[in-house]
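A quick write-up on the structure given underneath.
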Amino acid sequence: MREKLIRWPLMVIAAATVLAPLLWQVTMALKSSSESAVGFPGTLLPKHPTLDNFATAFTEIPLLRYVGNSLAIAGLGMVLNLVLATLTGYALARIAFRGRAAYTTILLATAVLPFEVILVSTLLVSRGLQLNDTLIGVVLPQAVSIVSIFVMRQAFVRIPGELAEAADMDGAGPLQVFWHIMLPSVRGSLAVVAVLGFLDSWDHFIWPLVSLSDPSKYPVNVGVQYLSGTFSADQRVISAAAIVVMLPPLLVYFLMQKQVFRGLAEGALKG
């Protein structure tokens, strides 16, 4: 009983902290031009709800094009992150090679470094390879995350070695063991890494802003900034555009939430 008295108030506070800004954003996007968009707390519920702000967001900037660019970047980033993290995690977990411990330590050390530390050098390399101002140049420098690598490493470490040994005795080669034994055993973790890759690529802002010079190639996070002027900005329209930006990652998460929870549960049970 005492545990419930502590747990439920904390859960309510956490939910309110997360949902309150989202609710405010939605109500702001639905307010008409006759309602005030400044001041705090203001009116929470719009008196005359309207979708005009969404229409304005799509007409003021090429929002659909920006969303399409972001979908292309996030889709390619998700695939590359999934493939590279899976292969690297498998190598770190199941293949013995000289320097594996040192390599793992170096990867862990780089995880604490923000991307801004290597931003200038990455930009110079990208220009040298003539990848600047291209969508592939936006994806490649951050194609795989250290977190995804170690999620897959831990997933492969938890697989009993007897499975691979039995497959070897049956005459299966390394690729067959990897494809038919290892990958089916970590499907939940693959879903987790896929969602992480999509969300990470979708949220990129600084690198696309620096590496792209053609506004038509901007992802939506960069393109939406055109709605905010130096001296004036309509917070209602910006809120409407922000909601459009949120929809694709939310959709991806809801479509894959069962697989994600399965992967997290596998880690909790086997870790």
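Atoms considered below: every heavy atom in the structure, side chains included; atoms not considered: hydrogens, waters and symmetry mates. Because the structure is predicted, anything quoted here is derived from the model rather than measured.
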Please name the pair of heavy atoms, one in [X] and one in [Y], separated by the smallest distance, quoted to 0.1 Å.
X	Y	value
Val144	Ala85	CG2-N, 3.8 Å
Phe156	Gly89	CD1-C, 3.9 Å
Met256	Ala194	CE-CB, 4.2 Å
Gly197	Asn81	CA-ND2, 3.5 Å
Gly77	Ser201	CA-OG, 3.4 Å
Gly223	Ile61	O-CD1, 3.8 Å

Could you state whether [X] and [Y] fall into the same hydrophobic cluster, counting links through intermediate Ile, Leu, Val, Met, Phe, Trp or Tyr residues with side-chain heavy atoms under 4.5 angstrom apart?
X	Y	answer
Val18	Val245	no
Leu250	Leu199	yes
Leu123	Ile118	yes
Leu22	Leu247	no
Phe254	Val192	yes

Look up atom [atom1] in [X] and atom [atom2] in [Y], then write down how far apart they are to the nearest 0.5 Å.
X	Y	atom1	atom2	result
Met246	Gln25	CE	CD	6.0 Å
Ile181	Gln176	CD1	CD	9.5 Å
Leu129	Leu140	CG	CG	9.0 Å
Thr104	Phe150	OG1	CZ	5.5 Å
Leu87	Leu82	CG	CG	9.0 Å
Leu30	Asn53	CG	CG	8.0 Å

Checklist line | Main-chain N/O of Phe97 paired with Arg100 side-chain donor or acceptor, under 3.5 Å | finding: no

Next item on the list: Go through Ser216 and Arg65 one step at a time and tell me if the side-chain contact (heavy atoms from CB on, under 4.5 Å) criterion holds.
Entry: CA-CA 7 Å; Ser216 66; Arg65 178 187 298 172; 3.4 Å; yes

Checklist line | side-chain contact (heavy atoms from CB on, under 4.5 Å) between Phe115 and Ile206, intermediate numbers included | finding: CA-CA 9 Å; Phe115 181 74; Ile206 295 296; 5.7 Å; no

Counting C-beta onward and ignoring hydrogens, is there a side-chain heavy-atom pair between [X] and [Y] closer than 4.5 Å?
X	Y	answer
Asp52	Ser32	no
Lys217	Asp214	yes
Thr122	Trp207	yes
Leu71	Trp202	yes
Arg158	Ser189	yes
Val139	Leu80	yes
His204	Asn221	no
Leu84	Ile149	no

Notebook entry, point to check: Could you walk me through whether Val26 and Ile243 pass the side-chain contact (heavy atoms from CB on, under 4.5 Å) check?
Noted result: CA-CA 7 Å; Val26 172; Ile243 291 173; 4.0 Å; yes

Decide if atom [atom1] of [X] counts as having more than 12 heavy atoms of other residues, nucleotides or ligands within a radius under 6.0 Å.
X	atom1	result
Arg94	CZ	yes
Arg127	CZ	no
Tyr103	OH	no
Gln130	CD	no
Leu251	CG	yes

Margin query: Could you tell me if Ser213 and Asp133 have a donor-acceptor pair between their side chains, going purely by distance under 3.5 Å?
Written below: yes

Checklist line | Test side-chain contact (heavy atoms from CB on, under 4.5 Å) applied to Val186 and Ile159, step by step | finding: CA-CA 8 Å; Val186 295; Ile159 299 176; 3.8 Å; yes

Margin query: If you apply the rule side chain to side chain donor-acceptor pair (under 3.5 Å), what do you find for Ser211 with Asn132, and how did you get there?
Written below: CA-CA 5 Å; Ser211 63; Asn132 57 304; over 6 Å; no

Checklist line | Test log, rule side chain to side chain donor-acceptor pair (under 3.5 Å), inputs Asp200 and Ser145 | finding: CA-CA 9 Å; Asp200 187 48; Ser145 70; 5.4 Å; no

Next item on the list: Hey, can you tell me if Tyr226 and Tyr66 have their rings parallel, tilted or perpendicular (30° and 60° cut-offs)?
Entry: parallel

